[in-house]
Amino acid sequence: AQSVTQLGSHVSVSEGALVLLRCNYSSSVPPYLFWYVQYPNQGLQLLLKYTTGATLVKGINGFEAEFKKSETSFHLTKPSAHMSDAAEYFCAVRSNFGNEKLTFGTGTRLTIIP
Amino acid sequence: SQTIHQWPATLVQPVGSPLSLECTVEGTSNPNLYWYRQAAGRGLQLLFYSVGIGQISSEVPQNLSASRPQDRQFILSSKKLLLSDSGFYLCAWNSAEGYTFGSGTRLTVV
């Protein structure tokens, strides 16, 4: 079984400040990890993913995440927030075999303060 | 190119009415297909997935059903909608880049 915990359903940061969205996972097998972004009334867009190899993953829009196996974490960061980053962000985990189902966290709504 | 289409974008239906939401994928064959529901404050819940024509797996007991009549078509249905069926429904397929999602259907049951 696998699960994802996103700490903080709402996060507010000032424009230009560091963005940190937390994600911890539980998986009995080596996981694949994902971050998705959702703008209002739209589908989900892939930000970045970790499968194997380098543990620091860079994605679109200046976001990056680091896979830390010892901490079972995959936190999402961006050095400087933009107003356009305001959205909901979902962390997800998938097993690397089998039916490849994605299990999502409950999401974090990011608000950018001008 | 590979694309996923989902319709309608919004739907308002009375309690007890039927439902049919359609999802189609282009540019790939034999995809794994998924239906998720997103309820306010509850994240995304996997409802059904399909690994091939006629093969449907249900993740949670509910008032909905799914069918896959063709390789690239995935349909979500209900015979009688409940108020609790309201939500944002997302179709997805498992592409090489990860899951690719449709643009979603906002269903409001009144």
Side-chain angles (χ1 to χ4, degrees), chain A residues 1-11 21-25 31-52 57-60 63 65 67 74 76 87-109, chain B residues 2-12 21 23-25 28 30-52 55-60 66 68 86-108:
Chain A
Q2 52 198 24
S3 64
V4 175
T5 301
Q6 290 183 243
L7 294 177
S9 58
H10 292 83
V11 171
L21 304 183
R22 298 179 186 275
C23 172
N24 288 87
Y25 71 92
Y32 289 174
L33 296 159
F34 304 81
W35 274 101
Y36 285 86
V37 61
Q38 184 182 33
Y39 299 99
N41 290 313
Q42 294 186 25
L44 275 70
Q45 181 183 10
L46 180 66
L47 273 178
L48 49 78
K49 65 178 180 179
Y50 168 79
T51 54
T52 58
V57 180
K58 295 185 183 299
I60 62 172
F63 284 93
F67 169 59
F74 191 58
L76 182 71
E88 189 151 20
Y89 292 80
F90 291 92
C91 183
V93 63
R94 197 198 89 182
S95 64
N96 60 7
F97 64 88
N99 59 31
E100 303 176 330
K101 293 183 292 182
L102 265 185
T103 300
F104 286 88
T106 52
T108 297
R109 183 167 300 280
Chain B
Q2 299 161 337
T3 57
I4 182 167
H5 301 280
Q6 190 178 339
W7 67 92
T10 60
L11 193 59
V12 180
L21 302 181
C23 172
T24 59
V25 180
T28 186
N30 197 31
N32 288 353
L33 297 173
Y34 307 84
W35 276 110
Y36 282 86
R37 177 169 59 201
Q38 186 177 19
R42 296 186 61 183
L44 287 94
Q45 181 184 36
L46 178 62
L47 301 177
F48 300 96
Y49 69 92
S50 172
V51 299
Q55 300 179 62
I56 308 295
S57 296
S58 175
E59 286 295 292
V60 293
R68 188 166 176 179
S86 294
F88 192 52
Y89 289 82
L90 289 159
C91 180
W93 72 283
N94 189 17
S95 69
E97 290 301 310
Y99 277 31
T100 299
F101 285 84
S103 54
T105 297
R106 173 75 58 191
L107 172 66
T108 303

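Since this is a predicted model, take the numbers as computed values, not measurements. Within every chain, numbering begins at 1; the chains are lettered A, B, ... in the order of the sequence lines, protein sequences first and strands thereafter.
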So, using side-chain contact (heavy atoms from CB on, under 4.5 Å) as the criterion, who are the partners of B:S86 when residues are at least two apart?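 Result, side-chain contact (heavy atoms from CB on, under 4.5 Å) vs B:S86: B:V109.
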Surrounding CZ of A:R22 (heavy atoms of other residues, nucleotides or ligands, distance under 6.0 Å), is the total greater than 12?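 Incorrect, the count does not exceed 12.
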**A:Y36/B:Y99 aromatic ring centres below 6.0 Å** =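 No, the ring of A:Y36 stays outside the 6.0 Å limit from the ring of B:Y99, centre to centre.
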Answer with side chain, backbone, both or neither: which region of B:Q38 has an atom nearer than 4.5 Å to a non-hydrogen atom of chain A?
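Side chain only.
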Quick one: ring pair (Phe, Tyr, Trp, His ring centres under 6.0 Å) partners of B:F88, sequence neighbours excluded?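 For B:F88 there are no ring pair (Phe, Tyr, Trp, His ring centres under 6.0 Å) partners, ignoring immediate neighbours.
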Open item on the list: Can you tell me which portion of A:Q38 sits under 4.5 Å from chain B's heavy atoms? Options are side chain, backbone, both or neither.
Closed with: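 Only the side chain of A:Q38 comes within 4.5 Å of chain B.
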Exercise. Going through the distances and angles, do B:L44 and A:L102 end up as a side-chain contact (heavy atoms from CB on, under 4.5 Å)?
Worked result: CA-CA 10 Å; B:L44 287 94; A:L102 265 185; over 6 Å; no
